[in-house]
Amino acid sequence: MSTSNRQSRPAAADTVAGAGDSFSGNRGLAVEEGLIFEIGRTDTTGVDIEEPAAFTARLGTLARREPLGLPGLSEPEAMRHYVRLSQKNYGIDTGIFPLGSCTMKHNPRLNERMARLPGFGDIHPLQPLSTVPGAIQLIAELAAWLRELTGMPAIAMTPKAGAHGELCGMMAIKAALAARGEQRSLVLVPQSAHGTNPATAALLGYRVLSVPARADGTVDAEEVKKHLSTDVAAIMLTNPNTCGLFERDVVAIAEAVHAVGAYFYADGANFNAIVGKVRPGDIGVDAMHINLHKTFSTPHGGGGPGAGPVALSAALAGFVPLPFTVIDGRGIGYVEHAPGAPQLVASLPTMPGLALSRTTLSGGAAEAAETPAATPLGRMCAFHGQMGMYVRALAYMLSHGADGLRQASEDAVLNANYLRSSLRDLMSLPFGETLCMHEVLFDDQWLEGTGISTLDFAKALIDEGYHPMTVYFPLVVHGAMLIEPTESESKLSLDRFIASLRGLALAAKGGDRNRFLEAPRLAPRRRLDETKAAREPKLRW
Amino acid sequence: MSTSNRQSRPAAADTVAGAGDSFSGNRGLAVEEGLIFEIGRTDTTGVDIEEPAAFTARLGTLARREPLGLPGLSEPEAMRHYVRLSQKNYGIDTGIFPLGSCTMKHNPRLNERMARLPGFGDIHPLQPLSTVPGAIQLIAELAAWLRELTGMPAIAMTPKAGAHGELCGMMAIKAALAARGEQRSLVLVPQSAHGTNPATAALLGYRVLSVPARADGTVDAEEVKKHLSTDVAAIMLTNPNTCGLFERDVVAIAEAVHAVGAYFYADGANFNAIVGKVRPGDIGVDAMHINLHKTFSTPHGGGGPGAGPVALSAALAGFVPLPFTVIDGRGIGYVEHAPGAPQLVASLPTMPGLALSRTTLSGGAAEAAETPAATPLGRMCAFHGQMGMYVRALAYMLSHGADGLRQASEDAVLNANYLRSSLRDLMSLPFGETLCMHEVLFDDQWLEGTGISTLDFAKALIDEGYHPMTVYFPLVVHGAMLIEPTESESKLSLDRFIASLRGLALAAKGGDRNRFLEAPRLAPRRRLDETKAAREPKLRW
Amino acid sequence: MRYLPLTKADRQAMLAKVGVADIDALFAGVPAGKLTQGLLDLPRAKGELEVERVMGRLAATNTPAGSVPFFVGAGAYKHHVPASVDHLIQRSEFLTSYTPYQPEIAQGTLQYLFEFQTQVSLLTGMEVANASMYDGSTAAAEAVLMAHRLTKRRRALLAGNLNPHYRASIETISRLAGDACVALAPAPDGKQDLARYLDDSLSCVVVQTPDFYGHLHDLSALADRVHAVGALLVAVVTEVVSLGAVEPPGAMGADIVVGEGQSLGNALSFGGPYVGLFASRQKYLRQMPGRLCGETVDKEGRRGFVLTLSTREQHIRREKATSNICTNSGLCVLAFTIHLSLLGTAGLARLARRNHANAVALADMLAAVPGVEVLNQTFFNEFTIRVPGRATEVIERLAGKGVLGGVPVSRLEPDRPELEPLIVVAATEVNTDEDRAAYAKALREVL
Amino acid sequence: MRYLPLTKADRQAMLAKVGVADIDALFAGVPAGKLTQGLLDLPRAKGELEVERVMGRLAATNTPAGSVPFFVGAGAYKHHVPASVDHLIQRSEFLTSYTPYQPEIAQGTLQYLFEFQTQVSLLTGMEVANASMYDGSTAAAEAVLMAHRLTKRRRALLAGNLNPHYRASIETISRLAGDACVALAPAPDGKQDLARYLDDSLSCVVVQTPDFYGHLHDLSALADRVHAVGALLVAVVTEVVSLGAVEPPGAMGADIVVGEGQSLGNALSFGGPYVGLFASRQKYLRQMPGRLCGETVDKEGRRGFVLTLSTREQHIRREKATSNICTNSGLCVLAFTIHLSLLGTAGLARLARRNHANAVALADMLAAVPGVEVLNQTFFNEFTIRVPGRATEVIERLAGKGVLGGVPVSRLEPDRPELEPLIVVAATEVNTDEDRAAYAKALREVL
Ligand SMILES: Cc1ncc(COP(=O)(O)O)c(C=O)c1O
Ligand SMILES: Cc1ncc(COP(=O)(O)O)c(C=O)c1O
């Protein structure tokens with residue numbers, strides 16, 4: 001293991017660095033940090049484990065021959081390594097994170113604490129169900145909230161993120177069609193859809209038909225009808241859509257889709273705009289994944305983990321993947337195998353403050369919330385799904401309550417419209433006068449002639465201390481800038497963000513090109529060479 | 001409450017900032033942050049508390065009339081406020097923190113976790129002793145370690161920090177003299193002593209006599225003798241001293257001090273050099289405080305809290321302040337009042353791995369470790385002392401064990417000498433050839449003629465990404481730079497630090513004055529106007 | 001509400017700026033009658049204290065692994081995670097950041113992904129690894145899909161001793177994607193001649209080692225046979241700590257190695273979130289699913305990292321992507337890589353030895369219980385015992401005595417009477433002599 | 001050893017660089033025979049897992065406040081601390097930083113100190129506050145010393161209802177510093193005419209409100225009388241949450257206000273570490289003990305903060321300093337100020353109301369228990385009851401029934417038979433209806 005640091009080698013002793021620089025390569029509190037392979041040593045460890053007494057191994061012929069070559073760090077070194085790395089990151093806790101479509105909202109630390117209660121964090125997925133009734137109850141409780149919030153009768157809890165939820169929902173649709181003896185080959189997807197939508201459809205062997213939007217950014221029911229046929233399995237529609245607009249024809253679209261025997265898959269990534277305001281079940285949705293890591297604030301963690309429960313309509317409720325909870329008069333049951341009778345795990349809670357304690361939600365014997373299907377979907381992953389995320393999401397819901405959830409959506413939409421109104425005189429809105437939902441979409445028309453691209457503008461925001469908005473998505477407008485502030489931002493925070501955006505916009509129009517082309521200048525790194533990275537992939541030390 | 005931010009007001013909308021700056025005042029990840037009084041609002045809160053039902057208050061005439069005027073932040077705002085503030089700080093976790101005399105070593109997170117166990121963190125100081133036997137046992141256990149490490153028979157556990165420990169030790173000395181019917185008026189303190197030493201002596205009405213050091217940086221026993229008389233209550237000696245040197249005459253000094261009936265108070269701030277190597281009790285110390293927040297790694301926390309247990313010799317063992325533990329044949333007893341028989345709280349532990357499980361340390365009925373005095377010292381503070389720090393310190397000790405503690409001291413001393421050897425050709429050592437203990441002292445003689453001061457040099461280190469060493473302390477050398485790396489630094493870390501120091505030293509000698517006079521340039525703030533702060537004190541919003 | 005910064009006055013001022021009278025004017029796009037009136041039928045907002053009470057009561061009904069002698073494994077393992085790991089992953093800048101799409105302010109995330117990819121490559125003995133999948137089971141399913149793409153065949157062979165949950169996950173996607181999937185029957189004695197089933201219709205053979213029953217397998221010969229029919233060998237590792245002691249699949253000819261990384265850094269958490277490991281030969285890189293982090297330089301020539309080769313991914317390639325995965329297991333990756341950086345070669349090897357030693361000691365003790373048979377010749381930290389009677393009942397009775405003694409095989413393989421007496425038993429570094437003694441004693445009592 | 005980065009090879013190389021043969025050569029300055037040979041008689045190094053086991057077992061023998069109906073106060077209070085507080089104070093940059101002696105890279109610490117000083121001033125109704133003392137009791141002792149310096153008198157009068165631990169702390173330093181200190185006898189009914197004891201030998205009068213027995217005191221008249229004899233009024237507040245509901249001492253003429261800040265942000269932790277609040281009139285600033293943080297500007301005119309007026313302090317003034325304090329309660333200050341920033345005026349007022357309401361409800365329930373008498377006319381969240389028999393035994397019997405019912409006064413005032421039947425009972429927002437009912441029921445049973 002080499003201990004030299006290719007990146008931030010200390011200035012060779014006894015040479016003089018330029019006056020503007022430092023000898024170390026550091027800049028005050030901004031410290032360069034090498035790779036563990038440069039810092040660590042294979043004979044160092046930061047974990048003390050007692051060496052076992054002599055014993056006869058049972059590894060047969062398979063004791064490791066290959067040397068591992070993994071560097072080890074003492075604990076102080078490890079601490080410093082990761083703290084320094086963290087300091088090169090931006091997070092919600094450091095500033096507004098206005099990534100459109102990503103719903104980067106506040107992550108309450110209460111939820112982290114709850115997820116670490118030994119009764120949730122330190123239970124094994126395969127210990128006897130009799131020793132984890134509270135875990136099953138928590139899953140059932142979360143499902144009950146999601147049922148009421150979506151107005152849909154069944155929740156597939158196990159999918160591990162949004163895309164996995166899409167897979168779940170589309171598999172349910174395919175299975176439902178198969179159960180009807182049908183095999184269809186097409187899935188309609190609007191152009192503004194997220195990449196996971198067509199990718200999911202394709203994974204299941206569907207051909208993707210792209211549906212264009214009309215001038216106002218929404219999908220025209222008439223246009224949809226043109227593409228519909230009995231070979232269409234489903235439409236995958238995001239609502240509010242990725243332009244930040246509520247699909248105003250959604251009810252008509254749902255009816256048309258259902259009329260040809262197809263299903264309406266809704267991408268729920270933008271659910272945050274409408275929680276407590278509009279129930280997907282009320283507008284004809286058959287399946288919708290919910291990103292707990294967006295709408296319900298489980299931390300994004302630099303790319304995951306997430307959780308993507310899927311709400312299913314009555315038509316698809318029989319295709320919930322294994323395992324799932326069943327609520328009936330006896331209490332909360334759990335189905336791990338199909339066909340199989342639910343194992344009764346817990347009685348319904350009586351403690352106040354839970355959704356399942358409310359008789360209207362807990363249901364009677366007759367209305368099992370999730371009914372095993374005749375042809376079950378099977379299992380999508382090991383164990384019970386993303387328990388750690390369920391705990392956090394439920395803590396979020398309990399904290400907000402029906403009132404807070406609704407208020408959060410309203411604030412999210414208000415914040416986005418406030419940004420829209422505060423910027424529209426300088427930046428161009430592709431869809432003109434329509435108010436937006438929880439995110440506002442600008443295009444790059446206003447940058448025309450400045451020699452500055454959407455990307456340049458985004459990078460200049462970094463110098464201002466802000467994480468950029470989502471750029472170049474959705475694909476339907478040119479040089480898209482999609483800003484989603486979420487309800488977590490105060491007015492003061494928005495006002496400052498607006499001031500910076502306006503300052504930059506005026507600078508762009510005023511010809512201050514270098515500020516943008518050279519950006520970022522003040523971040524830990526200048527612009528990185530992505531072409532080189534892709535052309536000469538170096539994916540490991 | 002004003003919501004405008006005097007400090008980092010957003011650039012007035014629609015004006016253009018200079019190209020090198022940002023409109024926001026931020027610089028990439030370095031974000032400006034206003035005061036809570038600028039961000040918060042008195043009608044906002046980040047804590048939801050249920051309003052009580054109507055009730056009849058019992059506040060008499062004393063219901064608050066004054067408006068509070070405290071700003072409130074929602075939780076997302078609070079999160080961001082404090083995260084951003086933290087980002088303007090340097091810590092051990094971000095880099096070497098070579099403050100001489102401060103022992104800024106790694107703070108294991110295990111210790112934080114242990115302190116938060118509900119059985120330690122969530123117990124009340126006045127709940128029945130029968131409900132907290134483990135707490136008393138922990139205090140007794142920590143005392144047992146400290147007894148063995150110091151070689152001294154009694155430990156006063158309650159002092160809250162080093163200075164409080166000094167007060168405790170000096171009070172014990174004063175009380176012991178009083179018990180002997182004596183009232184003495186003088187305390188000897190070497191010039192190199194920390195300010196708390198003379199301040200403590202003065203607090204108790206002693207007159208402080210300053211003892212000069214000899215040319216090699218240590219105190220001469222002969223010089224001490226010159227100052228000794230029967231009016232001397234004690235000498236307060238730091239060993240190793242604040243020049244980083246072991247007081248080689250210490251045994252002779254102790255003897256001389258004892259010969260006149262005075263006591264030897266040792267400032268234990270530098271205990272980290274000798275843990276497991278030299279026992280203060282073996283060299284004649286009568287009282288020594290131990291900074292758990294230095295030697296035993298409880299976090300400094302930006303200035304505290306600390307804990308300052310005091311080891312006492314047999315002569316002073318009767319003057320342990322209340323409350324204290326007593327170990328006898330029946331087990332662990334606790335004395336909250338004096339005179340008073342100990343209340344038996346727990347039997348001696350039988351579980352392996354504790355010091356008190358070792359018969360040699362737990363003692364028999366006859367040798368009570370801490371014996372109530374006839375004229376007790378009384379109480380120095382409410383409750384039982386710094387329990388949270390005890391837990392952390394004990395976790396540190398259990399982790400290290402006798403072997404690790406000794407190794408840590410050796411590594412601390414080795415690291416300091418390695419720095420010394422690597423820098424001595426460029427920087428001047430006031431005490432020439434003597435090897436140092438856990439910290440190395442340079443003076444500013446090598447800067448002579450450069451127009452650069454010790455302070456300038458320290459500030460230039462900030463630009464390099466390093467926290468400066470202790471400067472201008474001890475007072476006995478000119479422009480002191482006292483570097484204490486501790487055992488937590490790897491060789492690689494030291495090598496980089498050395499490279500930066502050497503780079504700077506050469507730059508200083510090479511006439512690159514601006515680098516120093518202008519430093520720091522790369523920190524969150526340039527040099528701050530301390531004179532203005534003192535002349536026009538603005539101590540609150 | 002503590003999480004919502006807007007005050008009533010703010011809302012009024014902002015509505016005025018937007019130019020609407022009330023909030024519902026912003027929801028004008030919603031079709032008539034579809035806006036819910038009033039609040040949904042759910043409890044109202046709660047303070048922290050109340051939420052803690054409600055959640056605390058739920059949690060209190062579960063038995064934490066750390067509170068009892070604990071021997072449950074079968075794909076998720078109770079290991080000791082250093083306190084520093086959980087502290088570090090909660091750093092705001094890690095916890096609350098998004099996928100590193102703006103690399104200039106996400107070098108922290110990107111560098112640890114690069115380090116993680118290297119660690120996974122080293123551990124598995126493979127050339128490249130991606131930035132993670134959801135978990136081991138979904139990684140296994142993706143491996144099969146990748147093998148299909150690489151071989152242009154659509155038929156997979158699954159070894160009988162593959163974890164049944166993994167098998168089911170592969171079967172589900174295969175069935176619904178219209179691919180064939182042949183799963184062999186379990187061989188709890190560890191003896192299965194996979195070579196018999198090979199032919200050139202197969203895209204891949206999926207085999208686990210240590211397998212579900214704990215047996216270790218030398219894959220070298222199998223790899224040759226698999227390659228001979230033009231198929232790929234997919235190796236599954238559900239206990240990554242084993243790689244500190246046993247020969248890695250990469251050294252035995254595997255083409256794709258997938259695994260569950262939970263054992264390092266991650267809590268049991270009732271099954272998720274975990275971290276899927278995915279490694280392969282360099283030559284298959286372009287067909288890998290998921291994110292990849294690569295090294296590059298910035299405008300000033302300084303080293304930096306970016307997400308790369310994204311032309312494989314859904315956000316660029318949409319329906320032509322190698323997978324639909326987007327969000328992966330970022331923070332679990334971080335926990336994994338921190339724990340492994342702390343361990344290093346020396347620590348991991350010792351951890352593995354300790355696990356193995358504890359399992360050997362336990363196997364010997366349980367084998368001495370009358371009526372109990374240990375099925376394994378070889379194992380790492382997990383093995384299978386046969387008990388008289390139904391394992392599920394034995395396990396329940398053990399639980400009644402405060403010992404969580406393992407997983408009855410029938411919990412995952414319900415319809416095979418021959419498996420009903422079997423228990424998969426795991427031992428890790430957290431078990432003490434007393435734990436083992438308690439298990440043996442309780443087992444004696446309940447049999 | 002996991003905390004020690006040097007390898008054997010490093011040590012060898014470094015010794016070589018230093019030019020010595022072995023490590024003991026570095027200890028050559030130690031007098032002959034004083035270097036210990038071999039290891040001390042203490043246990044050997046342990047891994048994390050083992051340390052957790054040992055400490056966990058010790059902890060498990062204690063009864064956490066959160067696990068039972070809990071009514072213990074008398075100077076430390078069980079409040080609910082938001083999860084974000086404990087998260088934030090563990091940020092590396094706060095937790096592992098030193099006293100902000102290099103302000104350019106310690107603005108984080110300095111800014112929160114400045115905010116804290118302001119909050120304490122607002123809370124107490126005083127003009128200035130310092131950056132903290134160790135705890136309330138040592139702050140009280142320092143207040144007396146400050147009054148001595150200001151008045152050049154050396155005799156303090158302590159109200160009988162001052163927390164006995166505070167009284168003892170003041171008495172100890174007074175005795176050993178040679179100052180006089182007159183402590184009045186307790187007045188558990190809350191009635192004590194301090195004015196009777198005033199004369200011009202006094203430097204100060206120390207009075208607590210709410211007092212040890214829970215009574216509230218209007219200090220205004222007393223303040224006038226104290227000032228009339230040229231002395232200072234020192235007010236002590238041990239339950240800082242009370243300041244959300246009751247008139248602050250500053251508004252009633254106090255010259256120095258000291259308090260215990262534990263209630264906000266800080267865990268019970270068996271009595272420490274806590275945070276001492278210290279506020280006074282602006283004119284007494286130069287005699288204040290402890291650190292002060294002040295606003296200033298940097299070289300470019302940007303606002304910044306520094307420690308200031310350090311000519312009062314030991315590191316500058318040595319034997320002439322106003323106090324010997326150095327390390328104070330930094331991180332506890334942070335916890336306090338975060339909690340209070342979250343609360344704000346609205347939250348603190350509601351928290352105080354909730355505490356008061358719970359205490360009122362409890363007092364009424366306990367008063368209804370036969371044989372129990374509530375002594376208080378006024379109180380905030382704490383009051384005193386008289387029970388038949390010895391309070392210590394009642395409390396033990398309650399503990400036996402799983403209720404921690406308060407502090408027997410004799411625990412702190414041991415030699416006064418008239419106080420033996422008294423219990424100081426505290427109620428906070430964490431108590432539920434069920435907790436109160438459990439207390440009343442248990443009390444009925446044990447009496
Ligand atoms: C509109 C939309 N759909 C789907 C997804 C995929 O969700 P996940 O990343 O959780 O798989 C995203 C996430 O970025 C999204 O924005
Ligand atoms: C030599 C010396 N003595 C005493 C002290 C005082 O200790 P404390 O700050 O814990 O009160 C210090 C701390 O800085 C010190 O360095």
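Within every chain, numbering begins at 1; the chains are lettered A, B, ... in the order of the sequence lines, protein sequences first and strands thereafter.
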Using non-hydrogen atoms only, which part of A:Arg406 is less than 4.5 Å away from chain C: side chain, backbone, both, or neither?
side chain
Audit row: A:Gln137, A:Leu354, side chain to side chain contact (heavy atoms under 4.5 Å, CB included) steps and yes/no:
CA-CA 10 Å; A:Gln137 198 179 330; A:Leu354 289 177; 4.2 Å; yes
Please confirm whether the backbone N or O of C:Gly108 pairs with a side-chain atom of A:Asn89, one donor and one acceptor, at under 3.5 Å?
yes
Select one option (side chain, backbone, both, neither) describing which atoms of A:His337 are under 4.5 Å from chain C's heavy atoms.
side chain
Below 4.5 Å from any heavy atom of chain C, which atoms of A:Thr44 appear? Answer side chain, backbone, both or neither.
backbone
So, the part of A:Phe55 with a heavy atom under 4.5 Å from chain C: the answer is side chain
Heavy-atom proximity to chain C below 4.5 Å, by part of A:Asn107:
side chain
What part of A:His81 is in contact with chain C, defined as an atom under 4.5 angstrom from a non-hydrogen atom: side chain, backbone, both or neither?
side chain
Taking C:Ala357, C:Ala168, C:Gly347, C:Ala267 one by one, which has the highest count of heavy-atom pairs under 4.5 Å against chain A?
C:Ala357
For A:Pro118, which atoms come within 4.5 Å of any heavy atom of chain C: side chain, backbone, both, or neither?
both
Structural part of A:Ile462 lying under 4.5 Å from a heavy atom of chain C
side chain
Is it true that the side chains of C:Glu115 and C:Gln119 contain a donor and an acceptor less than 3.5 Å apart?
no
A:Leu539, part contacting chain C, at a heavy-atom distance under 4.5 Å
both
Polar contact flag, side-chain donor to acceptor under 3.5 angstrom, A:Asp403-A:Gln407:
no
Any donor-acceptor pair under 3.5 Å linking the side-chain atoms of A:Glu530 with those of C:Thr308?
no
Interface moiety of A:Ala57 toward chain C, non-hydrogen atoms closer than 4.5 Å
both
Please lay out, stage by stage, how A:Leu167 and A:Leu204 fare under the test side chain to side chain contact (heavy atoms under 4.5 Å, CB included).
CA-CA 8 Å; A:Leu167 190 61; A:Leu204 293 173; 4.1 Å; yes
Could you look at A:Pro520 and say if it's the side chain, the backbone, both or neither that has a heavy atom under 4.5 Å from chain C?
side chain
Say whether C:Arg91 and A:Ser86, considering side chains only, have a donor N or O and an acceptor N or O under 3.5 Å apart.
yes
What part of A:Ser422 is in contact with chain C, defined as an atom under 4.5 angstrom from a non-hydrogen atom: side chain, backbone, both or neither?
both
Of the backbone (N, CA, C, O) and the side chain (C-beta and beyond), which part of A:Leu435 lies under 4.5 Å from a heavy atom of chain C, both, or neither?
side chain
Can you say whether A:Ala201 sits under 4.5 Å from chain C via the side chain, the backbone, both, or neither, judging by heavy atoms?
neither
Is it the case that the side chain of C:His165 and the backbone of A:Cys381 share a donor-acceptor pair, with hydrogens and angles ignored and the cut-off at 3.5 Å?
no
Side chains of A:Lys459 and C:Gln102 only: does a donor on one sit below 3.5 Å from an acceptor on the other?
yes
